[in-house]
Amino acid sequence: MLDNRGVWVYVEQNEGVIEGVSLELLGAGRKLADKLEVPLAGILLGDNVRELAEEIIFYGADEVYVVESPVLKQYRTESYMKGVILLAEKYKPEIFLYGATPNGKDVASAVATDLSTGLTADTTMLDVEVEKRLLEASRPAFGGNIMATILCKKHRPQMATVRPKVMKALERDTARTGRVIEESLEIREEDMRTKVLEIVKDVTKKSLADAHIIVCGGKGMGDERNFGLIHELAGLLGAGVGGTRDVVEAGWLSHDHQIGQTGETVTPKIYFAIGISGAIQHLVGMKNSEIIIAINKDPNAPIFGVSTYGIVGDALEVLPILIKQFKEAFH
Ligand code: FAD
């Protein structure tokens, strides 16, 4: 069993569109595969999805295993699990990564149970111990107070689900070439225990994860009325509004605006962190933003450790100036 070789990424597609986290995992998987000197493979299941194999190669895979079947048209645990197990039992990877999306978590846990192997959930850091070929999957533990590195020493494949927006995808490179291996799944629709009757999309929720600019306020804003300055700046910039857990607990924002370990993970182009101390549980949700602009009256606040630009000052004085400047610039 410990002779298994290769790093695999489960490539999640919905209606023929590859999930962003799968591309991020191909980037992370590439590093692990290079360290272990083994190929990186993408695992693609669906109905009429073969043409996506090329994209998976452009984003870093050496090989793509494709299973196509009408029973894979929509995600169902039973058919997807069987497709993945068919491949894993035949080709025996040593590491197998999944996005920590609802479907990714679902299929990963079913596959881990069937293959009697371990699964680290909601990983935020990945590395590999080359000599022992051990995946080091790290995630916050004990209420977020420590990072735990979890190993799966005795079983293969070593599996992990990884949070979206934590790893970085490689640049799409159309010069990359690779091998596509097709396998067929012998399940008929009549044999399926679950049927998809209708898919109803939730169009009410716009995720902060898609915002290019986020203005995030913390407890340092003082009260709900002052927090209005955060909304005002965000409105001027066409930005999303975020808050720390303390802000959500104070009732200044609803939970779907919370950023951090128990909220959203975001990577906007510009992230304003205003009156935020920079606790680790907040940083894990925003530290990969492209530009971080922090405003805090304490020069030693940890948020300055991750920020691109820092303003040491009282947010209640700095924000009105910023808002005035932006208004003048835009009109
Ligand atoms: P504080 O830590 O109180 O910081 C306020 C900051 O504002 C200070 O740095 C202060 O110097 C500054 N300040 C004060 N007045 C002003 C002013 N007038 N102008 C400028 N600066 C000012 N937190 C999250 O954010 N997201 C999570 O998902 C999350 N999950 C958690 C999960 C667990 C299991 C645990 C234990 C904690 C979690 N937390 C989370 C909480 C986290 O540990 C911190 O308590 C929280 O992030 C602190 O929020 P804050 O920065 O708004 O407040």
Side-chain angles (χ1 to χ4, degrees), residues 100-101 105 120-125 138-150 161-166 205 207-209 211 213-234 239-268 270-289 292-326:
T101 61
K105 288 181 186 181
T120 304
D122 273 326
T123 309
T124 55
M125 277 194 303
S138 302
R139 53 156 295 152
F142 293 110
N145 292 317
I146 60 159
M147 289 295 285
T149 299
I150 298 167
T161 61
V162 180
R163 270 191 164 218
K165 306 269 181 190
V166 178
K205 205 176 157 204
S207 171
L208 260 187
I213 307 177
I214 292 176
V215 181
C216 188
K219 210 55 200 299
M221 291 307 294
D223 60 33
E224 192 171 5
R225 213 177 123 249
N226 293 341
F227 204 84
L229 291 168
I230 300 287
H231 289 284
E232 196 177 347
L233 179 60
V241 172
T244 60
R245 188 174 79 167
D246 290 34
V247 160
V248 171
E249 280 177 355
W252 303 348
L253 282 178
S254 58
H255 181 262
D256 49 339
H257 291 270
Q258 183 178 318
I259 290 168
Q261 184 187 320
T262 40
E264 290 255 10
T265 302
V266 295
T267 51
I270 306 176
Y271 187 91
F272 287 88
I274 305 172
I276 293 174
S277 57
I280 182 70
Q281 295 89 357
H282 186 75
L283 298 185
V284 293
M286 47 64 75
K287 67 177 171 19
N288 289 333
S289 305
I292 298 171
I293 302 167
I295 306 175
N296 197 304
K297 67 179 184 187
D298 173 6
N300 298 315
I303 192 72
F304 289 127
V306 299
S307 62
T308 326
Y309 303 104
I311 300 173
V312 178
D314 185 336
L316 306 182
E317 289 171 12
V318 176
L319 271 178
I321 298 170
L322 270 184
I323 289 169
K324 185 166 169 280
Q325 295 279 330
F326 278 124

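As the structure lists them, so they are numbered: ligands from 1, and atoms in each ligand from 1.
Annotation for Asp246 and Lys219: closest pair CB-CD, 3.8 Å, computed over non-hydrogen atoms. Closest heavy-atom contact between Asp298 and Phe304: O-CE1, 3.2 Å. Cys216 and Thr244 get closest at one heavy-atom pair: SG-N, 4.3 Å.
Every atom of ligand 1 is numbered from 1 in the order shown, and the set under 4.0 Å from a heavy atom of Gly218 is 52 (O). When each atom of ligand 1 is checked for a heavy atom of Gly263 under 4.0 Å away, the hits are 28 (O). Every atom of ligand 1 with a heavy atom of Gln261 under 4.0 Å away is listed here by number and element: 27 (C), 28 (O). Atoms of ligand 1 found under 4.0 Å from any heavy atom of Ala279 (numbered from 1 in listed order, with element): 42 (C), 43 (O), 44 (C), 47 (O). Close approach of ligand 1 to Ile259 (heavy-atom distance below 4.0 Å) involves ligand atoms 24 (C), 25 (O), 26 (N), 27 (C), 28 (O). Ligand 1 places these atoms under 4.0 Å from at least one heavy atom of Gly260: 26 (N), 27 (C), 28 (O). Residue Gln258 has at least one heavy-atom neighbour below 4.0 Å for each of these atoms of ligand 1: 26 (N), 27 (C), 28 (O), 29 (C). Numbered from 1 in the order shown, with element, the atoms of ligand 1 that lie under 4.0 Å from a heavy atom of Asp298 read 11 (O).
Note: Tyr271 and His282 have tilted aromatic rings, judged against thresholds of 30 and 60 degrees for the angle between ring planes.
In this structure, Gly313 has a heavy atom closer than 4.0 Å to ligand 1. Using 4.0 Å as the threshold, Gly285 has no heavy atom nearer than that to any atom of ligand 1.
When Glu249, Met286, Arg245 are ranked by how near their heavy atoms come to atom 32 (C) of ligand 1, first place goes to Arg245. Comparing heavy-atom distances from atom 30 (N) of ligand 1 across Thr265, Ile295, Leu319, Thr262 singles out Thr262 as nearest. Checking Glu264, Gln281, His255, Glu317 against atom 43 (O) of ligand 1, the nearest heavy atom belongs to Gln281.
Not a single N or O atom of Ala301, backbone or side chain, sits closer than 3.5 Å to an N or O atom of ligand 1. The shortest N/O to N/O separation between Leu316 and ligand 1 does not fall below 3.5 Å. At a 3.5 angstrom cut-off on N or O pairs, Gly220 counts as close to ligand 1. At a 3.5 angstrom cut-off on N or O pairs, Ala315 counts as close to ligand 1.
Counting heavy atoms from C-beta outward, Thr149 and Met125 have side chains that stay 4.5 Å or more apart. Between Arg139 and Ile150 there is a side-chain heavy-atom pair separated by less than 4.5 Å. The shortest side-chain heavy-atom distance between Leu319 and Met221 falls under the 4.5 Å cut-off. Between His231 and Leu253 there is a side-chain heavy-atom pair separated by less than 4.5 Å.
Checking Thr123, Thr265, Thr124 one by one against Arg163, the side chain to side chain donor-acceptor pair (under 3.5 Å) holds for a single residue, Thr265. Exactly one residue among Val215, Ile270, Thr308, Ile274 makes a side chain to side chain contact (heavy atoms under 4.5 Å, CB included) with Ile293. That residue is Ile270.
Residues Asp256 and Ser254 bring a donor and an acceptor atom of their side chains to less than 3.5 Å of each other.
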